[in-house]
Number of protein chains: 2
Amino acid sequence: MSTEICADCPVRKHALCSSLDDEGVITFTGLCQRRCIMAGETVMWAGDESRICANLLSGVLKMVAATADGREQIVGLFYPADFVGEPYAEEHAFTVTALTNAELCTIQRRPFEHFLEEHSRMENLLLQRTLRALKEARRRMLCLARLSAGEKVAGLLIDMAARAERCARRSGLNQPVTFDLPMTRGHMADVLGMTIETVSRQLTKLKGAGVLALSGNRTVTIKDAHALRARAAAR
Amino acid sequence: MSTEICADCPVRKHALCSSLDDEGVITFTGLCQRRCIMAGETVMWAGDESRICANLLSGVLKMVAATADGREQIVGLFYPADFVGEPYAEEHAFTVTALTNAELCTIQRRPFEHFLEEHSRMENLLLQRTLRALKEARRRMLCLARLSAGEKVAGLLIDMAARAERCARRSGLNQPVTFDLPMTRGHMADVLGMTIETVSRQLTKLKGAGVLALSGNRTVTIKDAHALRARAAAR
DNA sequence: CCGGGTCCTTGTTCTAGATCAAGGCAACTG
DNA sequence: CAGTTGCCTTGATCTAGAACAAGGACCCGG
């Protein structure tokens with residue numbers, strides 16, 4: 001019965017849980033609890049005690065670092081099947097907030113750490129994912145520090161298009177030369193370390209150059225992927 | 001006999017190996033090989049096959065990300081007892097170069113991964129370190145994207161002073177209100193995502209304000225730690 | 001159909017920091 | 001010890017992008 005919660009899990013093939021055998025899943029499920037989150041709602045607050053971790057089932061979350069005087073930087077985005085939380089940390093270093101409505105499969109941090117000890121395949125998978133996240137974060141450091149506004153925006157569009165494409169594949173759809181941005185201009189600015197205005201201007205420029213078409217605020221069509229890639233330059 | 005290599009290991013209490021029991025150490029040592037590196041020498045090249053990992057015994061290394069056209073960003077610094085390398089990755093994403101003469105304890109990547117499988121305490125320690133490195137990288141993203149030149153330099157000085165202090169503690173010395181920068185202005189600029197000139201100007205400004213004293217190019221004395229902290233602002 | 005959100009675009013001005021340029025100061029080298 | 005080299009400082013100028021400001025498009029509730 002406790003496995004039933006997993007029967008309809010949209011990410012059971014991709015989340016951390018994919019490393020578990022049937023018996024492991026049953027134990028794990030017993031420790032988990034599903035939770036729905038509304039867009040804009042915060043899941044973890046920087047400075048709060050780190051009590052829960054979670055697998056993201058659906059929706060998109062942002063992880064935000066902030067200075068004392070309120071400047072903000074998005075330091076990570078989470079998509080379905082991603083693991084969220086800070087095991088082994090006493091308190092959260094960052095605030096995690098939903099960009100869209102979302103669903104989480106949560107687990108208490110301590111029991112989770114304990115579970116890892118006894119399920120080294122999951123521990124190993126988490127290690128591999130953490131290493132990948134670290135690599136990604138380091139790449140982003142180069143982006144934030146050294147790329148121009150144009151390069152940043154082009155790069156982000158490519159990332160988001162790739163993400164959309166993968167999701168489309170998964171759900172069997174096709175051809176996402178057109179896709180919806182999962183975030184506002186403001187969030188794009190927060191990811192790229194720029195202002196809303198500059199993001200907007202760069203998009204307008206890409207549109208003017210015939211690289212993109214924009215319809216509505218969120219829908220983007222990549223008309224010239226080659227040109228877009230050229231503008232992203234980096235790596 | 002193979003353990004002898006560890007007998008004089010300067011970091012055996014702090015490196016990944018500290019998670020091993022005697023028998024583990026013996027096995028591990030058999031897989032390791034010490035290697036000396038000259039300042040300026042590169043240990044791993046971005047794009048090359050990821051064949052080795054290492055524990056740093058002495059010296060300081062930098063990890064550099066670069067764009068195709070040569071812009072560079074230091075995305076990580078490694079100090080004694082730190083783990084270097086990219087397990088589970090087919091190729092290196094970043095270039096690792098010695099800032100000072102250094103000594104490494106290297107191990108082939110594949111055998112290392114295999115060893116982790118069988119020594120879950122080490123795997124767990126690596127996981128914890130990787131999580132900490134990730135947190136650190138994310139903090140740095142905020143720094144790179146949102147802090148002013150003055151805040152960046154003040155913050156880096158505080159970090160380096162703290163690092164120097166810890167090393168001094170370890171080796172039994174005291175009072176490192178005065179310490180040596182482990183890097184040139186150019187490296188500081190590469191860490192902070194700015195230019196040499198701006199770093200230099202910020203240091204001159206701090207000196208002028210009586211916060212620091214500079215003697216020679218590398219030696220720094222923090223005269224007013226409180227003021228320095230105030231200038232670092234962030235977090 | 002109106003009023004007030006929220007989000008986005010566009011124009012103008014301003015500035016932090018990059019870029020360009022010129023020395024200064026040690027430390028080596030022959 | 002004159003010359004070279006590497007690293008650092010300081011000054012002058014330039015510019016990408018921030019900051020400020022205004023208005024437009026869309027949506028939703030009454």
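The shown structure was predicted, so the numbers you read here are calculated from the model rather than taken from an experiment. Order of the sequence lines fixes the chain letters, A, B, ..., with proteins taken first and strands second; residue numbering starts at 1 for each chain.
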Thinking salt bridges, do [X] and [Y] make one under a 4.0 Å N-O criterion?
| X | Y | value |
| --- | --- | --- |
| A:Arg229 | A:Asp224 | no |
| A:Glu103 | A:Arg35 | no |
| B:Glu151 | B:Arg231 | no |
| B:Arg51 | B:Glu86 | no |
| B:Arg140 | B:Glu136 | yes |

Figure out the [atom1]/[atom2] separation between [X] and [N], and round it to whole Å.
| X | N | atom1 | atom2 | result |
| --- | --- | --- | --- | --- |
| A:Leu214 | C:dC8 | CG | C1' | 11 Å |
| B:Arg218 | C:dA27 | CZ | C1' | 13 Å |
| A:Leu181 | C:dC8 | CG | C1' | 12 Å |
| A:Leu203 | C:dC8 | CG | P | 10 Å |
| A:Lys152 | D:dA16 | NZ | C1' | 11 Å |
| B:Glu151 | C:dA16 | CD | C1' | 12 Å |
| B:Gln202 | D:dG11 | CD | P | 15 Å |
| B:Lys205 | D:dG11 | NZ | P | 13 Å |

Exercise for review: Return the 5'-most residue of the pair A:Met194, B:Arg185 with respect to DNA chain D, ranking by each residue's nearest nucleotide.
Suggested key: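 Nearest nucleotide further toward 5': that of B:Arg185.
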Practice item. Encode nucleotides 19-26 of chain C as B, S and - characters from 5' to 3', where the letter depends on protein heavy atoms closer than 4.0 Å: B to the base, S only to sugar-phosphate, - to neither. Key: BB------
Review point. About how many Å separate CZ of B:Arg138 and CZ of A:Phe94, when rounded to the nearest 0.5 Å?
Key: 6.5 Å
Check your understanding: At under 4.0 Å between heavy atoms, what does A:Gly193 touch on the DNA or RNA strands: base, sugar-phosphate, or nothing?
Key -> sugar-phosphate
**Study point:** Nearest to side-chain heavy atoms of A:Ser200, which nucleotide of D:dT9, C:dT10, C:dG17
**Key:**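 So the nucleotide nearest the side chain must be C:dT10.
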**Study point:** Sequence neighbours excluded - salt bridge (Lys or Arg N to Asp or Glu O under 4.0 Å) pairs with any residue from residues 190-215 of chain B
**Key:**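 Passing the test, one end in residues 190-215 of chain B: A:Arg146-B:Asp190.
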Review point. Relative to the 5' end of DNA chain C, which residue comes earlier, A:Arg146 or A:Gly186, by the nucleotide with the nearest heavy atom?
Key: A:Gly186
Review point. Below 4.0 angstrom from OP1 or OP2 of D:dT10, is there any side-chain N or O of B:Thr204?
Key: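 True: B:Thr204 side-chain N/O within range (under 4.0 Å) of D:dT10 OP1/OP2.
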Check your understanding: With a 4.5 Å limit on heavy-atom distance, are the side chains of A:Leu181 and A:His187 in contact?
Key ->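 Side chain of A:Leu181 against side chain of A:His187, heavy atoms only: no contact under 4.5 Å found.
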Check your understanding: To the nearest 10 degrees, how far apart in direction are the end axes of the helix from C:dC1-D:dG30 to C:dG30-D:dC1, each fit to five base pairs?
Key -> 30°
**Study point:** Distance-only side-chain donor-acceptor flag, A:Thr97 / A:Thr42, under 3.5 Å
**Key:** yes
